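Because the structure is a prediction, the values reported are computed rather than measured.
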Amino acid sequence: MLIRFLAALWLFGCLHIIYQGQQENPYPFIRTAEYVFEYPVKGVVLTCILFSIYFMVRGLAIQLGAEQTSPILAYTVYSLIVLGQLLIALFGSMHAPPYWAAYLINTVILLLCQLFIIPALLH
């Protein structure tokens with residue numbers, strides 16, 4: 001149940017970031033008269049990788065059995081990773097492109113899931 005929930009959360013989060021990459025940046029100082037929109041492949045891929053760090057660490061810990069040996073330490077490490085991702089998203093959010101705003105929204109949802117929903121699924 002937890003693996004399916006995390007996989008769905010990761011998939012919907014990455015799809016949200018990819019979709020928001022199609023939106024033009026709303027800030028007028030970026031657009032000039034000869035502005036042509038190009039899909040920001042590098043930025044979207046980097047943002048998806050940054051969003052995936054939590055899921056990679058969580059999957060590795062599940063495979064190594066770290067959740068069974070020390071569940072409190074594992075939960076603390078997961079929570080610190082999500083808080084770090086939230087700080088990165090907040091510090092980079094001023095005049096950010098739309099896909100970064102999607103990353104910020106996804107990270108807040110991930111933090112709420114980490115603090116409230118995942119503990120309920122584990123017990």
Practice problem: Write down the atom of Thr76, the atom of Ile72, and the distance for their closest heavy-atom approach. | Solution: OG1-O, 2.7 Å

Self-check item: Atom of Ala61, atom of Tyr78 and distance for their closest heavy-atom approach
Solution: CB-OH, 2.9 Å

Exercise. Let me see the working for Leu9 and Arg4 under side chain to side chain contact (heavy atoms under 4.5 Å, CB included), right down to the final yes or no.
Key: CA-CA 8 Å; Leu9 196 63; Arg4 289 181 188 168; over 6 Å; no

Quiz item: Which atom names give the shortest non-hydrogen contact between Cys14 and Ser52, and what distance separates them?
Solution: SG-OG, 4.1 Å

Quiz item: How many angstroms lie between CE in Met56 and CH2 in Trp10, if you round to the nearest 0.5 Å?
Solution: 9.5 Å

Quiz item: Checking side chain to side chain donor-acceptor pair (under 3.5 Å) for the pair Gln114/Tyr54: CA distance, chi angles, key distance, verdict?
Solution: CA-CA 10 Å; Gln114 172 66 25; Tyr54 168 81; 2.5 Å; yes

Quiz prompt | Joint hydrophobic cluster, Ile3 plus Leu64, side-chain heavy atoms closer than 4.5 Å | solution = no

Quiz prompt | Same apolar cluster: Val82 and Ile117, side chain cutoff 4.5 Å | solution = yes

Quiz prompt | Leu50 CG to Gln85 CD distance, which is reported to the nearest 0.5 Å | solution = 6.0 Å

Quiz item: Nearest heavy-atom pair of Trp100 and Ala89: which atoms, and what distance?
Solution: NE1-O, 3.1 Å

Quiz item: Does Leu122 belong to the same Ile/Leu/Val/Met/Phe/Trp/Tyr cluster as Tyr75, with side-chain heavy atoms less than 4.5 Å apart forming each link?
Solution: yes

Exercise. Show your working on side chain to side chain contact (heavy atoms under 4.5 Å, CB included) between Thr107 and Ile88 and close with a plain yes or no.
Key: CA-CA 10 Å; Thr107 307; Ile88 290 171; over 6 Å; no

Quiz prompt | Residue from Ile81, Leu11, Leu110 passing side chain to side chain contact (heavy atoms under 4.5 Å, CB included) with Phe55 | solution = Leu110

Quiz item: Hey, quick one: are Tyr19 and Val108 part of the same hydrophobic cluster, counting side-chain heavy atoms closer than 4.5 Å, chains of contacts allowed?
Solution: no

Exercise. Give the cluster check for Leu112 versus Leu104: same hydrophobic cluster or not, with ILVMFWY residues linked at side-chain heavy-atom distances below 4.5 Å.
Key: yes

Practice problem: With side chain to side chain contact (heavy atoms under 4.5 Å, CB included) as the test, would you mind laying out the steps for Asn106 and Phe12 before giving the verdict? | Solution: CA-CA 9 Å; Asn106 292 343; Phe12 287 130; over 6 Å; no

Practice problem: Enter the distance from Ile53:CD1 to Cys48:SG here, rounded to the nearest 0.5 Å. | Solution: 12.0 Å

Quiz item: How close do Cys113 and Pro119 get, heavy atom to heavy atom, and via which atoms?
Solution: O-CD, 4.1 Å

Quiz prompt | Nearest heavy-atom neighbours spanning Thr47 and Tyr103 | solution = CG2-CB, 3.4 Å

